[in-house]
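First the proteins, then the strands, lettered A, B, ... as listed; each starts at 1.
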Amino acid sequence: MARILITSALPYINGVKHLGNLAGSMLPADVYARFNRAMGHEVLFICATDEHGTPAELAAIEAGQTAAQYCDEQHEIQKRVGAGFNLSFDWFGRSSREPNRKLTQHFADVLEDKGLIDERTSKQVYSVDDKRFLPDRYVEGTCPNCGYEKARGDQCDNCGTLLDPIQLINPYSSVSGSRNVEIRDTRHLYLLQSKLQDKVRKFVDDRAANWPNLTTSIAYKWLDEGLIDRSITRDLQWGVPVTRNGAPRPGFENKVFYVWFDAPVEYIGSTVEWAEANNQNWERWWRTDKGADDLTYVQFMGKDNVAFHTVSFPVTILGSEEPWKLVDKLKAFNWLNWYGGKFSTSQKRGVFMDQALELLPGDYWRWYLTANAPESSDTAFTWEAFKACINSDLNDVLGNFVNRITKYTAAKFDGKVPDGGEPGEHEAWMANELATRLPQLIAHYEAMEFRKAATETRAIWAAGNEYITKSAPWTAYKTSVDQAAVGIRTGLNLVALFGVIAQPIVPETAKKILDAIGVPDDRRSLNPEKLGQGGYAALLDVLPRSKPIEVPPQLFTKIEDTQVAEWTARFGGG
RNA sequence: GGUGGGAUAGCUCAGCCGGUUAGAGCGCAGGACUCAUAAUCCUGAGGUCCCCGGUUCGAUUCCGGGUCCCACUACCA
C-alpha cells in the first residue's frame, strides 16, 4: 500500500467555474484519487478556494459586500457545486483561513532570515478616484503601437504588443473609467528568485523524467530565461497581512502578500484545516522529517498554472531550507474549448458547473470530460459529440448491458445468481479479454492517461456485450437451462466487475450497480492482486451462487435532439 | 517577437524511437439477433497522415523551411 497526496489547482473564488476548469484539474484529480483508493492505497485529496487578490476585492465591491462576506458566499457555492459532481476531496479549504495566513507569514519570515527577501521601491499606477493602486491589466488606454483605444496595461489585445502601463496614451482606470490616474512610488517585498536558480534547476532535473513534456518544457523555459526577483506583496486590503516575526511590518500596514505567493501555500494550509477538523496529523503529509518522505505527491492543473508550480512555489519551499514535501508528479492539461472558441460568460458561450448539474447528473459530465480530456492538445466541446458519447457509451453499452442481464435474471432465474452449468469456450474468450484489458486499464490510470483509461473501460464494457451475444443464453435456455445459467451467471459477474471499474469515473452509477448486485465494500477493489486472484476466469464466478440480486433502476436516460437544440439556444454553440 | 503544444477518416482523437493492407469511437451503408432502454453483435465504405524540400533502399514518423490554430511570456489568476 502506497501513500499518495493529491492536490488539484485551487479554483479562484471569483464565480462558479466552467466545464473547462473542471476538466483540467479538479475532475482528473478526483478520478485519480478514486482510482488509487480503489487500488487500496492511502490517499489524501486536497483542494480549496483561492480567495485573495484584486478580482475578488472588486467583485465584492460590485456585489455590495465586504470581501470576506463575498468569499464566504462564493466558497459555499463552489463547495456545493463540487459536491454535486462527486468530487471526493478529503478537504475543501479556504486560502483566507488562519492556517494559510500563518504558514504564508512563516514562509516570508524564513525566506527573509535566509537573506532572500528585499524591500524595494517601484512605480505603480494609482487611481485617485478609486483610491487604489491598479494592477497593469486594470489600466487601459490607447496603444502606442497601433492606436487601439482599449489596450490593457500589460498587453494590447488588438496588435498583441506587450506593454507597460506607463506607455499607454490617455490611460484610465478600467475599474471606474476615471482618467484621474498617476504614477506613484510604492514599496514592496521582493523574493530574490535569482539566487535560487541553480537549486530550482536541480529540482526540475531530478523530476523531469517523471513529468510530461508540457510540464518540463514550461519549467525549463522559465529557467533558461533566468529567474528574476519578484514582488510578493501588493497594495490591497484583502489578503494575508504582511508581518515580520508576528507583528505588522512597519510601512506595510495597508499591504498584503501577493495572491500567487499565498495560494500554493494553501495546499498545506488546507491540509492543516483537514487535520484540525478530523483530529489528524498534517505533518505526516507535508514534512519529510515527520513521515512525508515515503509518499508520492501528485499535482493536477491547467497549463497556465505550470510555471507557478514548477518554479515559483519550489522557490518558496527550497528557499526556506525546511524539510517540506515537494511535488513528485505533475499532470498538466490543455484547454477545453467551446466549439473551438473560448468559454465566455458575457457572450453566453459555454456551460458553467452549476448550470451543467441543472441539465444532467454529474456522472454524465464526468464521463464525457474524462473520455475527451484535453490531455495532448486543446479539445472542443460540442453538444453533438456530448450526446453521441453519452448515449452510446453510458446508455447503450453500459446501461443496457446491466439492464438486459439483471432483467433476464429476474425473469428466468428467480432473481438469483444461477447455479448450474460449466463454463466453456465463450467464458474462456471473455476471461482472456479481461486478462489483456484489465492490466492495460490499470496501467493507463497509473500513467495518468485518462482518455485511454476511459477508452479501455468502455472496451471492457463492450466486450461484455460481445460475450453475451456469443453465449446467447436466451437461445440456450430453450434446450438447456444449465447452459443458459452459465451465460447469465457470467453476465452477472461482469455487471459487478463493470461496476468496479466504473468507480473512478462514474462513481454514482457504479454505486447503483454494485449495490443492486450486492457487492460488499471489500469486494470493490481494483487492485490486481485481488482482482486477478485465482486467474481472470475466476472473476466470472465470484458472486455467491443463488444469491438474490436486484434489477437496478434505469441507469441513464438518452439525450434527445430536442434537448440539444434547447441547450444550444441557451448556452451557444454551432 | 520569444518559448512550447497541436495539425492523421465527415467529427473527436490514438499511433508511428523509419519498415507488410495507417487504427479506435461516433456518424454512414448492409446483414444478424430478439434477453434488453428501437438496444446489442457482425461486415463494409471512407484517409495526398497540413504544404515544400532533404536524409534514406524506404518518411505519416527523422531533419530544414513554410502555413494555420492554441497557450504562456513573470502586477489577472
Exercise. Nearest nucleotide by nearest heavy atom, which residue falls closer to the 5' end of RNA chain B, A/N334 or A/K478?
Worked result: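 The residue mapped nearer the 5' terminus is A/N334.
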For this session: Could you pick out which residue, A/L398 or A/Y467, lies toward the 5' side of RNA chain B when each is mapped onto its nearest nucleotide?
Result: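 Nearest nucleotide further toward 5': that of A/L398.
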Exercise. Once each nucleotide of nucleotides 6-11 of chain B is scored for protein heavy atoms under 4.0 Å, what B/S/- sequence comes out, 5' to 3'?
Worked result: S-----
Please state the [atom1] separation for the pair [N] and [M] - nearest whole angstrom.
{"N": "B/rG4", "M": "B/rU20", "atom1": "P", "answer": "32 Å"}
{"N": "B/rG1", "M": "B/rC17", "atom1": "C1'", "answer": "33 Å"}
{"N": "B/rC42", "M": "B/rC26", "atom1": "P", "answer": "11 Å"}
{"N": "B/rG30", "M": "B/rU37", "atom1": "C1'", "answer": "24 Å"}
{"N": "B/rC41", "M": "B/rG25", "atom1": "P", "answer": "10 Å"}

Sugar-phosphate, base or nothing in reach of [X], heavy atoms under 4.0 Å:
{"X": "A/G53", "result": "sugar-phosphate"}
{"X": "A/N372", "result": "sugar-phosphate"}
{"X": "A/R451", "result": "sugar-phosphate"}
{"X": "A/Y220", "result": "nothing"}
{"X": "A/I228", "result": "base"}
{"X": "A/A462", "result": "sugar-phosphate"}

Exercise. Could one point to a donor on the side chain of A/N395 or the base of B/rU37 with an acceptor on the other under 3.5 Å away?
Worked result: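 When only heavy-atom distances are counted, A/N395 does reach the base of B/rU37 through a donor-acceptor pair under 3.5 Å.
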Exercise. Per the atom types in the model, does the base of B/rA77 pair as donor or acceptor with the side chain of A/W260 at under 3.5 Å?
Worked result: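 Between B/rA77 and A/W260, which were checked side chain against base, a qualifying N/O pair under 3.5 Å is present.
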[X]/[Y] ion pair, N-O < 4.0 Å:
{"X": "A/E375", "Y": "A/K331", "answer": "yes"}
{"X": "A/D136", "Y": "A/R152", "answer": "no"}
{"X": "A/D229", "Y": "A/K195", "answer": "no"}
{"X": "A/K452", "Y": "A/E456", "answer": "no"}
{"X": "A/D50", "Y": "A/R94", "answer": "no"}
{"X": "A/E466", "Y": "A/K470", "answer": "yes"}
{"X": "A/R132", "Y": "A/D130", "answer": "no"}
{"X": "A/D224", "Y": "A/R201", "answer": "yes"}

Exercise. Looking only at heavy atoms, what is the nearest atom pair of A/Q78 and A/P11, with distance?
Worked result: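 Smallest heavy-atom distance, with atoms named: OE1-CB, 3.4 Å.
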Exercise. Taking the side chain from A/R451 and the backbone from A/A373, do they hold a donor-acceptor pair closer than 3.5 Å?
Worked result: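 Side chain of A/R451 to backbone of A/A373: a pair is present.
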Problem set entry | Contacts of A/T557 that satisfy side chain to side chain donor-acceptor pair (under 3.5 Å) - sequence neighbours left out |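 A/T557 satisfies side chain to side chain donor-acceptor pair (under 3.5 Å) with no residue once adjacent residues are dropped.
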Measuring to OP1 and OP2 of [N], would you say a side-chain N or O of [X] lies under 4.0 angstrom away?
{"X": "A/K470", "N": "B/rU40", "result": "no"}
{"X": "A/R234", "N": "B/rC75", "result": "yes"}
{"X": "A/K452", "N": "B/rG15", "result": "yes"}
{"X": "A/T469", "N": "B/rA32", "result": "no"}
{"X": "A/Y258", "N": "B/rC76", "result": "no"}

For this session: Consider the side chain of A/D304, meaning its heavy atoms from C-beta on, and name the nucleotide among B/rA77, B/rU34, B/rC41 that approaches it most closely.
Result: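 Minimum distance to the A/D304 side chain belongs to B/rA77.
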Exercise. Which one, B/rU34, B/rA77, B/rC41, comes nearest to the side chain of A/F308?
Worked result: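 Shortest atom-to-atom distance from the side chain points to B/rA77.
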What N/O pairs connect the protein and nucleotides 23-26 of chain B at under 3.5 Å? Give each pair on its own line.
residue, atom, partner, partner atom, Å
B/rG25, O3', A/R458, NH2, 3.1
B/rC26, OP1, A/R458, NH2, 3.4

All N/O pairs under 3.5 Å across the protein-nucleotides 1-3 of chain B interface:
residue, atom, partner, partner atom, Å
B/rG2, N2, A/K221, NZ, 3.1

Exercise. Is A/L494 close to A/L540 at the side-chain level, that is, under 4.5 Å between some pair of heavy atoms?
Worked result: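 In contact.
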Exercise. Less than 5.5 Å between centroids and less than 30° between ring planes, does A/Y408 satisfy that with B/rC35?
Worked result: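 A/Y408 ring does not meet the centre or angle cut-off for B/rC35; no stack.
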Problem set entry | Per-nucleotide pairing state of RNA chain B [Watson-Crick or G-U, under 3.5 Å; [ ] pseudoknot-crossing; | other strand] | (((((((..((((.....[...)))).(((((.......))))).....(((((..]....))))))))))))....
Exercise. Applying the ring-ring contact (aromatic ring centres under 6.0 Å, His included) test to A/H309, which of A/W211, A/Y267, A/F203 qualifies?
Worked result: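 Between A/H309 and the candidates, ring-ring contact (aromatic ring centres under 6.0 Å, His included) is satisfied uniquely by A/Y267.
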Exercise. What pairs with A/D205 under salt bridge (charged side-chain N to carboxylate O under 4.0 Å, His left out), at least two apart in sequence or on another chain?
Worked result: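 In terms of salt bridge (charged side-chain N to carboxylate O under 4.0 Å, His left out), with neighbours along the sequence ignored, A/D205 is linked to no residue.
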For this session: Give the ring-plane orientation class for A/W365 versus A/F386, where under 30° counts as parallel, over 60° as perpendicular and anything between as tilted.
Result: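 It falls in the parallel class, under 30°.
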For this session: Let me know the distance between CZ of A/F333 and P of B/rG5, rounded to the nearest Å.
Result: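 In whole Å, B/rG5 P and A/F333 CZ are 18 Å from each other.
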